Amino acid sequence: VITLTTDFGLSNWFVGTMKGVIAGIAPEAQVIDVCHEVPPGDIRAAAFVLAASLPFFPEGSIHVAVVDPGVGSARRPIAIRTNRAIYVGPDNGIFAAALKTESVAEIRELTNARYFLPTLSATFHGRDLFAPVAAHLSRGVPMSKLGPKKDDLVCLDWPETSLSEGRVEGQVIYIDRFGNAITNIPAATLSNLGKPAQELHVWKGKKRLCGIAPFYAAVPRGQTLAVCGSTGCLEVSVNGGDARKVLGLRIGSRITVVALNPEA
Amino acid sequence: VITLTTDFGLSNWFVGTMKGVIAGIAPEAQVIDVCHEVPPGDIRAAAFVLAASLPFFPEGSIHVAVVDPGVGSARRPIAIRTNRAIYVGPDNGIFAAALKTESVAEIRELTNARYFLPTLSATFHGRDLFAPVAAHLSRGVPMSKLGPKKDDLVCLDWPETSLSEGRVEGQVIYIDRFGNAITNIPAATLSNLGKPAQELHVWKGKKRLCGIAPFYAAVPRGQTLAVCGSTGCLEVSVNGGDARKVLGLRIGSRITVVALNPEA
Amino acid sequence: VITLTTDFGLSNWFVGTMKGVIAGIAPEAQVIDVCHEVPPGDIRAAAFVLAASLPFFPEGSIHVAVVDPGVGSARRPIAIRTNRAIYVGPDNGIFAAALKTESVAEIRELTNARYFLPTLSATFHGRDLFAPVAAHLSRGVPMSKLGPKKDDLVCLDWPETSLSEGRVEGQVIYIDRFGNAITNIPAATLSNLGKPAQELHVWKGKKRLCGIAPFYAAVPRGQTLAVCGSTGCLEVSVNGGDARKVLGLRIGSRITVVALNPEA
């Protein structure tokens with residue numbers, strides 16, 4: 001399995017062309033689109049998409065990700081092998097979130113042009129470099145042939161959550177098609193607040209939004225709720241509605257979960 | 001063949017993740033996207049899409065459809081086996097239109113967690129339940145292992161056409177990307193009007209729109225026409241234009257086909 | 001490999017249904033989407049997409065393209081065999097640009113209904129005619145069975161570039177998702193100007209836009225540049241920005257590349 005994640009969109013021929021290149025080198029590879037609508041150039045959004053989806057792919061998959069505003073410049077193309085999979089893309093932090101739960105075995109800078117297309121364009125390394133390298137890897141070309149070893153990766157500025165007594169603070173990191181606002185607060189963190197979920201309260205800045213519900217339809221239509229979403233993170237939603245519009249949530253909006261002190 | 005129809009859109013990782021789950025369980029399955037841009041939560045639109053497309057898939061296909069506003073609530077996940085195919089999705093009427101021309105052999109409620117992902121989220125049963133069940137079915141797991149038999153299905157409120165002397169009344173049920181307004185009036189019904197197609201007239205409410213043409217380009221550019229479209233239903237179009245914009249057609253707009261009485 | 005390029009968009013079931021038809025006839029075929037968001041009815045845009053992408057597909061591929069405003073009328077459905085591939089679609093010029101670099105071996109008009117679906121709709125030949133013909137071709141049906149030989153193809157009105165002393169004139173023919181404006185000026189032409197690329201200047205009408213840079217990130221963020229893009233043609237861009245918005249570029253905008261005369 002080779003997966004593809006890009007910011008190319010589907011209104012052009014870019015993704016299809018990458019698949020044509022792969023089909024020419026590795027006809028037997030199964031290519032799966034993860035997402036091609038990452039906001040253009042948004043490495044952090046891409047990192048989030050990869051972390052949310054890749055754990056559900058089979059072991060041994062090869063994951064190509066191309067959100068690459070530095071294409072053609074000195075940013076280095078890399079391949080990363082972990083205990084679970086191989087990652088192919090630019091060294092710009094795009095894999096940072098996905099790698100958090102895996103152990104990195106080997107990093108290679110992609111310098112061996114033998115595994116690229118014969119002509120390398122200045123603007124489309126997804127087609128000319130990353131797709132052919134992934135296709136060759138799927139056919140059994142060893143990492144060691146791709147280029148020199150590297151010891152480190154470019155870091156990604158990733159928003160952290162903070163946990164203090166009785167509260168967890170985080171922010172919105174993704175808003176999906178339905179208007180659900182996904183935060184960076186892992187649902188598992190909430191157990192540290194020392195209260196059952198139904199006694200927790202979710203705030204946006206200084207405004208209380210809602211409590212935590214087990215699923216969308218657990219509250220009446222049009223009502224705000226927070227759920228432990230499918231990414232494992234807390235998600236602020238409006239049942240049958242659009243939390244972005246109704247609550248004015250945006251990427252970066254501060255969200256706090258508070259365990260109300262019954263003595264207070 | 002496993003087909004996927006959802007309202008997830010393509011701007012996120014949801015559909016790709018379902019494919020990752022299927023690839024892990026049934027690597028040899030061929031997965032085909034039918035449509036992922038069903039309007040969010042619109043079960044009737046999904047039912048129409050399924051009825052228009054699934055007859056063109058090979059016998060024995062497994063059709064997964066997830067437009068599921070009740071995810072996580074008491075709505076039941078089901079699998080339906082007919083003489084032609086297997087359907088997997090929520091029991092909310094989504095398959096009603098597709099099943100009209102098939103005979104149902106067996107309905108199972110999906111309760112056996114052995115065929116789900118190990119952890120079932122509250123919000124993404126497409127990934128955690130429907131995709132893995134479909135993958136297991138494609139590998140030969142029998143329906144009987146999935147859960148208890150069911151005898152009935154949730155009904156869908158579906159607009160019917162009415163045929164009275166000299167007229168058929170229906171409504172617009174889908175507007176495609178080109179602005180063609182597809183009605184629920186089966187082209188076959190028109191022969192009941194007792195006139196050849198070229199003598200029939202199409203009205204929107206009290207306004208005559210056009211006659212019936214054999215294909216789009218049979219009328220001059222910019223002119224309104226109705227054709228027997230590829231779904232088998234009557235379709236109101238503007239050749240080279242957008243019937244939605246030009247004629248103000250909407251989902252639910254009333255369309256009448258009348259055989260003008262020559263004596264009148 | 002069978003590729004699909006259409007103006008159907010992805011918000012409906014049209015493309016999925018074509019794949020269902022192919023899966024029923026040629027289950028072993030690998031179907032790859034090139035692009036389905038060609039602007040509705042824009043044959044020239046489709047021709048450009050095909051020319052930019054198809055050379056990257058393996059030899060022997062079957063390329064189906066359906067941008068077909070004349071569907072159902074007298075326009076002829078055809079298959080074209082070249083030294084590299086087979087092309088299937090309407091005879092409306094859609095393959096003109098892709099065929100420029102190939103030699104045509106055989107053209108057939110598709111008239112043999114034995115290779116169509118049993119019922120041919122008036123509006124969806126992608127599903128009823130082109131998809132099944134491509135699927136049969138992939139299974140080894142010879143071109144000669146599809147219909148009578150044809151000697152000519154409908155031409156396409158394609159904008160040419162003009163090269164005069166010290167200047168190349170062309171126009172914008174595609175604007176991608178990032179707002180990069182792709183022109184019809186082949187990068188190779190620029191060497192005829194007798195100056196190194198870094199001494200060339202790019203004008204929009206009477207306004208100088210920028211010089212030529214080796215890649216996007218070679219200029220500061222927000223600055224205009226021109227690059228030899230991945231299609232082999234000159235592309236006007238804003239690093240990290242949207243050239244369409246910033247520079248007011250449109251399809252058809254006149255672009256000139258000038259070698260400034262140092263004596264002037």
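Below, chains carry the letters A, B, ... as their sequence lines are ordered, and counting in each starts from 1. Predicted, not measured: the structure shown is a model, and the values here were computed from it.
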Among residues at least two apart in sequence or on other chains, which ones pass ring-ring contact (aromatic ring centres under 6.0 Å, His included) with H36(C)?
none
Could you list the donor-acceptor pairs under 3.5 angstrom formed by side chains in residues 115-122 of chain A, with sequence neighbours left out?
{"unit_1": "S121(A)", "atom_1": "OG", "unit_2": "F124(A)", "atom_2": "N", "d": "3.1"}
{"unit_1": "S121(A)", "atom_1": "OG", "unit_2": "D128(A)", "atom_2": "OD2", "d": "2.6"}

What distance separates Q30(A) CD from Q30(C) CD, expressed to the nearest 0.5 Å?
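Result: 9.5 Å between the selected atoms.
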Candidates P214(C), S237(C), S230(C) - the one meeting side-chain contact (heavy atoms from CB on, under 4.5 Å) with T123(A)
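Exactly one option meets the side-chain contact (heavy atoms from CB on, under 4.5 Å) with T123(A), and it is S230(C).
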A side-chain contact here means heavy atoms from C-beta on lying under 4.5 Å apart; do F215(C) and V71(A) qualify?
no
Interchain contact, E28(A) with chain C, by part (heavy-atom threshold 4.5 Å):
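Answer is neither: E28(A) stays 4.5 Å or more from chain C.
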Heavy-atom cut-off 4.5 Å, strictly under: side chain, backbone, both or neither for R127(A) against chain C?
side chain
What part of [X] is in contact with chain A, defined as an atom under 4.5 angstrom from a non-hydrogen atom: side chain, backbone, both or neither?
{"X": "V34(C)", "result": "both"}
{"X": "F178(C)", "result": "side chain"}
{"X": "I175(C)", "result": "neither"}

Using ring centroids (six-membered ring only for Trp), state whether Y174(C) and W13(A) fall under 6.0 Å.
yes
For chain C, which residues of residues 15-26 of chain A have heavy atoms nearer than 4.5 angstrom:
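The list, in residue order, reads G16(A), T17(A), K19(A), G20(A), V21(A), A23(A), G24(A).
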Under a 4.5 Å heavy-atom criterion, the part of residues 2-12 of chain A in contact with chain C comprises D7(A), F8(A), G9(A), L10(A), S11(A), N12(A)
Using a cut-off of under 4.5 Å for heavy-atom pairs, which of V1(C), D176(C), N239(C), N180(C) has the most such pairs with chain A?
D176(C)
